Amino acid sequence: MTFLDMLRDATTRNDSLLCVGLDPEPTRFPASVPAHKIYDFCAAIVDATADLVCAFKPQIAYFAAHGAEDQLERLMQHMRCNAPHVPVILDAKRGDIGSTAEQYAKEAFERYGADAVTLSPFMGFDSITPYLQYHGKGAFLLCRTSNPGGDDLQAQRLASVEGQPLVYEHIARLAQGPWNKNGQLGLVVGATYPQEIERVRAIAPTLPLLIPGVGAQGGDAAATVRAGLRADGPIIVNSSRAVLYASSGADFATAARSAALSTRAALNAARI
């Protein structure tokens with residue numbers, strides 16, 4: 001199955017638009033989980049929420065910063081075995097060219113076995129091409145991110161492009177059009193900017209949108225769904241900290257499940 005096939009299947013099977021982001025911070029682990037047991041913490045979250053999500057999104061920096069890449073490999077294998085119907089998006093935000101980009105693509109899709117990856121499009125289409133050689137895999141381009149500093153570049157006008165679009169609008173057009181040669185591209189748009197989500201959706205009506213910022217960052221679930229979801233345009237709404245750290249006690253996995261249930265329900269209510 002391609003990434004898009006997996007996404008559609010998980011969305012329907014689990015009746016969910018929710019993606020749980022796996023951003024393990026050992027300093028926030030409950031006392032019952034030693035700080036070096038990153039795999040154990042994340043696997044417990046996966047097992048508690050696998051029937052409630054349309055995707056999982058491990059953030060590679062949270063593993064690499066602690067020398068835990070081997071634990072990320074184990075986690076990817078765990079998800080393959082225990083939640084094989086749920087696609088996994090490796091949040092890496094890579095952005096390079098040539099042989100270096102080829103190695104990053106190999107890392108994401110061969111070493112970790114991800115179904116999709118997040119990328120920075122700043123260096124242009126040739127920085128995206130190596131990932132598109134992996135047919136059936138997905139690639140989400142940073143477009144209108146959830147942080148306020150995104151305005152510094154993403155909200156600036158391109159005087160040299162016809163119509164003088166904002167940078168994020170131009171990225172959306174490229175991703176919907178000439179860059180999306182094999183139907184593998186999606187876009188990252190922040191839940192903190194629902195009007196911009198709606199604008200991106202108008203430009204890219206069929207692309208999957210990965211939408212972080214619901215939960216701890218304050219994005220509105222209902223506004224996000226109304227702005228981005230279309231019958232032929234899927235959305236993946238990510239929540240990380242609000243789910244992972246719903247409890248600091250030994251019941252952390254149960255609390256994570258409750259938080260995921262609540263978020264899924266809020267997202268589904270907005271579909272109507």
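Computed from a predicted structure; not experimentally measured. Only this structure's heavy atoms are used, side chains among them; waters, hydrogens and symmetry mates stay out.
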Backbone of Thr206 reached by a side-chain donor or acceptor of Asp232 within 3.5 Å | no

Say you draw a straight line from CG of Asp15 to SG of Cys54; how long is it, rounded to the nearest 0.5 Å?
-> 11.0 Å

Leu90 CG to Lys57 NZ distance, which is reported to the nearest 0.5 Å | 9.5 Å

Euclidean distance, Cys19 SG relative to Arg264 CZ, rounded to 0.5 Å | 14.5 Å

Scan for ring pair (Phe, Tyr, Trp, His ring centres under 6.0 Å) pairs involving residues 233-260, sequence neighbours excluded, and state none if there are none.
-> Phe41-Tyr245, Phe41-Phe252

Please check if the side chain of Glu169 supplies one atom and the backbone of Val200 the other of a donor-acceptor pair under 3.5 Å.
-> no

Could you list the donor-acceptor pairs under 3.5 angstrom formed by side chains in residues 4-12, with sequence neighbours left out?
| residue | atom | partner | partner atom | Å |
| --- | --- | --- | --- | --- |
| Asp5 | OD2 | Thr2 | N | 3.4 |
| Asp5 | OD2 | Thr2 | OG1 | 3.1 |
| Asp9 | OD2 | Arg13 | NH2 | 3.2 |
| Thr11 | OG1 | Leu7 | O | 2.8 |
| Thr12 | OG1 | Arg8 | O | 3.1 |

Does Thr192 use its side chain to pair, donor to acceptor, with the backbone of Ser146 at less than 3.5 Å?
-> yes

Say you draw a straight line from CD of Gln103 to CD of Glu110; how long is it, rounded to the nearest 0.5 Å?
-> 9.0 Å

Check the pair His66 / Gln71 against side-chain contact (heavy atoms from CB on, under 4.5 Å), numbers first and verdict last.
-> CA-CA 10 Å; His66 301 283; Gln71 295 190 60; over 6 Å; no

Using residues 121-130 as the side-chain source, report each donor-acceptor pair under 3.5 Å to any protein atom, sequence neighbours left out, with the distance given to one decimal.
| residue | atom | partner | partner atom | Å |
| --- | --- | --- | --- | --- |
| Ser127 | OG | Gly124 | O | 2.6 |
| Thr129 | OG1 | Phe125 | O | 3.0 |

Provide the full list of ring pair (Phe, Tyr, Trp, His ring centres under 6.0 Å) pairs with a residue in residues 190-209, sequence neighbours left out, each pair given once.
-> none

Arg201 side chain vs Pro205 backbone, donor-acceptor pair below 3.5 Å = yes

Got a sec, which residues hit side chain to side chain donor-acceptor pair (under 3.5 Å) with Arg173, two or more places apart in sequence or on another chain?
-> none

With sequence neighbours left out, write down each residue that passes side chain to side chain contact (heavy atoms under 4.5 Å, CB included) with Asp152, or none if nothing qualifies.
-> none

If a pair satisfies ring pair (Phe, Tyr, Trp, His ring centres under 6.0 Å) and one of its residues is in residues 134-164, list it, with sequence neighbours excluded.
-> Phe3-Phe140, Phe109-Tyr134

Heavy-atom side-chain contact between Pro58 and Tyr112 under 4.5 Å = no

Is atom CG of Leu261 surrounded by more than 12 heavy atoms (other residues, nucleotides or ligands) closer than 6.0 Å?
-> yes

Residues that His36 engages under side chain to side chain contact (heavy atoms under 4.5 Å, CB included), provided they are two or more places apart | Pro34

Here the pair of heavy atoms bringing Pro26 nearest to Pro24 is CD-O, 3.5 Å

Side chain to side chain contact (heavy atoms under 4.5 Å, CB included), paired with Val243, selected from Asn238, Leu52, Val20, Asp23 = Val20

Quick one: are His85 and Asn14 in side-chain contact, heavy atoms under 4.5 Å?
-> yes

Name the one of Leu207, Leu267, Leu209 that satisfies side chain to side chain contact (heavy atoms under 4.5 Å, CB included) with Ile235?
-> Leu209

With a 4.5 Å limit on heavy-atom distance, are the side chains of Arg80 and Asp115 in contact?
-> yes

Shortest non-hydrogen contact from Ala256 toward Ala246 | N-CB, 4.1 Å

Would you indicate whether the side-chain heavy atoms of Thr49 and Phe56 approach each other to under 4.5 Å?
-> yes

Atom CD1 of Ile38 and atom CZ of Phe29: how far apart are they, to the nearest 0.5 Å?
-> 5.5 Å

Does the side chain of Val86 come within less than 4.5 Å of Met79's, by heavy atoms?
-> no

Could you tell me which residues satisfy side chain to side chain contact (heavy atoms under 4.5 Å, CB included) with Gln154, sequence neighbours excluded, listed by chain and number?
-> Arg144, Thr145, Tyr168

Verify same cluster id: Ile171, Val161 (apolar side-chain graph, 4.5 Å) = yes

Quick one: closest heavy-atom pair of Val188 and Pro212, and the distance?
-> CG1-CD, 3.9 Å

Same hydrophobic cluster for Leu187 and Leu210, using side-chain heavy-atom links shorter than 4.5 Å among ILVMFWY?
-> no

Heavy-atom closest pair, residues Ala92 and Val117 = CB-CG2, 4.2 Å

Value rounded to 0.5 Å, distance of CD in Glu102 from CD1 in Ile97 | 11.0 Å

Could you tell me which residues satisfy salt bridge (charged side-chain N to carboxylate O under 4.0 Å, His left out) with Lys93, sequence neighbours excluded, listed by chain and number?
-> Asp91

Exercise: identify the closest heavy-atom pair between Gln156 and Asp151 = NE2-O, 2.9 Å

Are Leu119 and Ile236 linked, directly or through other ILVMFWY residues, by side chains that come within less than 4.5 angstrom of each other?
-> no

Transitively linked via ILVMFWY side-chain contacts under 4.5 Å: Leu142 with Tyr104?
-> no

Output all residues satisfying salt bridge (charged side-chain N to carboxylate O under 4.0 Å, His left out) with Glu198, sequence neighbours left out; order by chain, then residue number.
-> none

With the threshold set at 4.0 Å, does a side-chain nitrogen-carboxylate oxygen contact exist between Asp251 and Arg257?
-> no

Closest approach of Ile211 and Ala191, non-hydrogen atoms and distance?
-> CG2-N, 3.5 Å

Test: Glu107 and Arg94 ion pair at under 4.0 Å = yes

Is atom CD of Gln195 surrounded by more than 12 heavy atoms (other residues, nucleotides or ligands) closer than 6.0 Å?
-> no

Give the cluster check for Ile89 versus Leu72: same hydrophobic cluster or not, with ILVMFWY residues linked at side-chain heavy-atom distances below 4.5 Å.
-> no

Could you go through the side-chain contact (heavy atoms from CB on, under 4.5 Å) check for Leu166 and Glu196 one step at a time?
-> CA-CA 11 Å; Leu166 302 180; Glu196 281 86 346; over 6 Å; no

Donor-acceptor contact below 3.5 Å, side chain Lys137 vs main chain Ala114 = yes

Flag the pair Val46 / Asn82 as yes when at least one side-chain heavy-atom distance between them is below 4.5 Å, and no otherwise.
-> no

Taking side chain to side chain donor-acceptor pair (under 3.5 Å) as the test, write out the residues that go with Thr254, two or more places apart.
-> none

Between Asp96 and Ala101, is there a donor-acceptor pair closer than 3.5 Å when you use the side chain of the first and the backbone of the second?
-> no

